[in-house]
Amino acid sequence: MASAFAAQLTSLVAEGAFDRFEGLRVSLIESGFAWLPAFLWRFDKGWRGLRREIPWTRRPPSEYVRDHVRVSLQPVDGPPGPDELERVIDQLGSDRMLMFSTDYPHRHIAEELDAVPAGLSPALAERLLDGNAREHYQL
Amino acid sequence: VSVRTRTEVIDCDIHNAPRSEQALLSYMPARWRAARAAGGRLEAAVEARRETLGDRSYLGGEYPRATPRAARTDAWPPSGDPPASDLEFMREQLLDRYDLSYGVLTPMLGAGEQLDLERGAALASAINDWQTAEWLEPEPRLRASINVAYEDGPLAAREIHRMASDPRFVQVLLLIRTAEPLGRRKYWPIYEAAVDHGLPVGIHFGGWSRGPITGVGYGSYYIEDTVGMATAFADQLTSLVCEGVFDRYRELRIVLIEGGIAWLAPLMWRLDRAFALLGSEAPSLSAPPSELIREHVWLTTQPIDEPPRASDFGWLLDDLEMNDRIMFATDYPHWDFDAPDRALPAGLDADVRERIMAGNARSLYRLDG
């Protein structure tokens, strides 16, 4: 499923949706997030080589994604260790992107339903549990 | 002018091409020569179109690419023949310039994409014979890939058996976008034949999937095509793992060519988490997916991933734990060529650099020292 999310993000950026609709806010729900850093590195590199094909995009794709896209936490698809997980979140380049979610009533690994993943800094955990969704959904 | 790097260089992805599509015809049986001259996909008008639009044909979509034939603009030989069709010019621009020990040829000429499977098999044989006569014979630094009509397992296996006695053919070659996921049983005869002969199976960027090229349809632009290719690699590897191919063929070695490398660690995390939850659905899997992948999979570097922070390149190697499986490639003569002296970031551990630039390919392809 991560491939489908990646293809849709590629399309939204390449077709200029975020240029045409500057206030557009997109939520990726149940997409996972650990694939995003590598995807954005690749997309930015492709854009540097091919941006003349889509000249309406004025910034690297990763900047559009960080500004316009938010991602739900479940399924947590990062590396098993808490330090590695925080590093992957750091590689997103923004503490604003992740929003807590449970995916209730679907089945997940039980210990991951209890709370935010272990090892996150209090500030990041607060943004993930509360602040990011509040801003994105204007609650 | 030779650009000498401190470490030995083996290039695992070189796209040699015929001087003209007609040049391949002399290697095909008369039946197919006649059919093509009468209006096959490679007739003169089509060939002219390929000069500008490139040589991969997707059903329903063909993207104008960055440059004619997706090639470096300086890769056209003085003769005016297509990029990478002139061995002497390839020596000058690649083999000699970067002092390559070996280069592995990966011609992408459509053999696996023909709807007429018999014609695809004839084209594959022609490509392999052309490689032998016009590339391997005159240039001892080159190694070749066995082209096959991969949508027909038995036909592909037949070609593998035909070519495997020549040790200069170091792998079987498929493209990553196939008609069905590569774990499906229709492709198993390919893996069986490859294992029989101790050959790795290389799977390269590109191909015509006979369906939409992403899981959500066709995009409008080449950038979507090329960036999206990483998802095809992830989806195919997921299929190979989950369909039990690595458990069935314990000696199978898969080389993912031109996929980059950064996408794989996140896929392994996700597959392992899914396996913990859903592994009972795939009872034949003998180990968590990441273990199977690290045992059976090799990767080539180009297009090398470029995280904006240098430290993240180190992290991605740490996450992969596959320093003995990553192999350097240039993708010559294509526009997104990675130069041997510039592709890997400075500061990489010298031993890791040596393994990626040459040592891993030397071991996998059994190249002499």
Side-chain angles (χ1 to χ4, degrees), chain A residues 1-16 31-57 60-63 74-81 83-85 87-88 90-91 93 106-112, chain B residues 63-67 212-236 238 259-274 276-278 290 303-309 311-313 315-316 318-320 334-337:
Chain A
M1 198 62 78
S3 295
F5 282 96
Q8 297 287 31
L9 268 192
T10 307
S11 177
L12 284 165
V13 172
E15 299 267 2
S31 61
F33 56 88
W35 54 274
L36 267 165
F39 165 76
L40 294 174
W41 299 337
R42 179 78 174 258
F43 201 179
D44 280 358
K45 176 170 171 145
W47 182 80
R48 287 195 294 274
L50 298 167
R51 56 187 292 190
R52 67 185 183 279
E53 189 190 25
I54 49 171
W56 45 87
T57 54
S62 62
E63 294 189 17
Q74 291 288 355
V76 175
D77 58 352
D83 293 344
E84 290 93 341
L85 186 66
R87 193 243 310 153
V88 168
D90 180 56
Q91 286 172 331
H106 292 162
R107 182 176 169 230
H108 286 279
I109 298 172
E111 60 268 25
E112 291 183 351
Chain B
Y63 301 96
R65 295 186 284 170
T67 55
I213 61 172
T214 80
V216 296
Y218 282 102
S220 303
Y221 306 108
Y222 174 54
I223 188 172
E224 297 172 82
D225 175 21
T226 186
V227 169
M229 203 68 72
T231 65
F233 281 91
D235 293 343
Q236 292 285 31
T238 301
I261 61 177
W263 55 272
L264 180 52
L267 178 71
M268 290 194 284
W269 299 330
R270 187 157 181 151
L271 280 171
D272 279 359
R273 284 175 182 264
L277 201 61
L278 303 169
S290 62
I304 190 66
D305 301 277
E306 298 181 60
R309 296 183 301 200
S311 58
D312 283 333
F313 192 88
W315 281 119
L316 83 85
D318 287 351
D319 288 338
L320 277 171
H334 291 158
W335 66 272
D336 45 351
F337 175 87

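Chain A is the first sequence line, chain B the second, and so forth, proteins listed ahead of strands; every chain is numbered from 1. For the numbers below, each heavy atom of this structure counts, side chains included, while hydrogens, waters and symmetry mates do not.
In terms of heavy-atom pairs under 4.5 angstrom with chain A, the leader among D305(B), I261(B), D312(B) is D312(B). Chosen from W35(A), F43(A), F39(A), the residue pairing most often with chain B at heavy-atom distances under 4.5 Å is F43(A). Among L278(B), T231(B), I223(B), T214(B), the residue with the largest count of heavy-atom pairs under 4.5 Å with chain A is I223(B). Most heavy-atom pairs under 4.5 Å with chain A, from the set P303(B), G215(B), G228(B), P308(B): that is P303(B). Note on P37(A), G32(A), S31(A), S62(A): by heavy-atom pairs under 4.5 Å with chain B, the leading option is S31(A). Chain A forms the most heavy-atom pairs under 4.5 Å with one residue out of R270(B), E306(B), M268(B), and that residue is R270(B). In terms of heavy-atom pairs under 4.5 Å with chain A, the best-connected choice from G217(B), G219(B), A66(B), A265(B) is A66(B). Most heavy-atom pairs under 4.5 Å with chain B: of the set P80(A), G78(A), G93(A), this distinction falls to G78(A).
When side chains are defined from C-beta on, M1(A) counts as touching F5(A), because their heavy atoms get closer than 4.5 Å. Inter-residue side-chain proximity for R309(B) and W315(B) is flagged as unmet; no heavy-atom pair is nearer than 4.5 Å.
Using a 4.5 Å cut-off between heavy atoms, D319(B) touches chain A through its side chain atoms alone. In this structure, chain B has no heavy atom under 4.5 Å from any part of R51(A). Using a 4.5 Å cut-off between heavy atoms, D90(A) touches chain B through backbone and side chain atoms alike. Residue P61(A) does not touch chain B at all, counting heavy-atom pairs closer than 4.5 Å. For L316(B), the part lying under 4.5 angstrom from a heavy atom of chain A is the side chain only. Contact annotation for D336(B): neither backbone nor side-chain heavy atoms come within less than 4.5 Å of a heavy atom of chain A. Contact of V88(A) with chain B is made through the side chain alone, with heavy-atom distances under 4.5 Å.
Cation-pi geometry between R65(B) and W335(B) is not met at under 6.0 angstrom from the ring centre and within 45 degrees of the axis.
Contact between P64(B) and E53(A) at its shortest, heavy atoms only, is O-OE2, 4.0 Å.
With values rounded to the nearest 0.5 angstrom, L264(B) atom CG is found 5.5 Å from L320(B) atom CG.
Distance alone, capped at 3.5 Å, is enough to place a donor-acceptor pair between the E224(B) side chain and the Y221(B) backbone. Panel note: side chain D77(A), backbone W269(B); no donor-acceptor pair is recorded below 3.5 Å.
Partners of W47(A) under the side-chain hydrogen bond (donor to acceptor under 3.5 Å, both in side chains) rule, at least two apart in sequence or in another chain, are T57(A). D235(B) is linked by a side-chain contact (heavy atoms from CB on, under 4.5 Å) to S3(A), counting only residues two or more places apart in sequence or in another chain.
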Carefully, step by step, assess I304(B) and F313(B) under the rule side-chain contact (heavy atoms from CB on, under 4.5 Å).
CA-CA 10 Å; I304(B) 190 66; F313(B) 192 88; 3.8 Å; yes
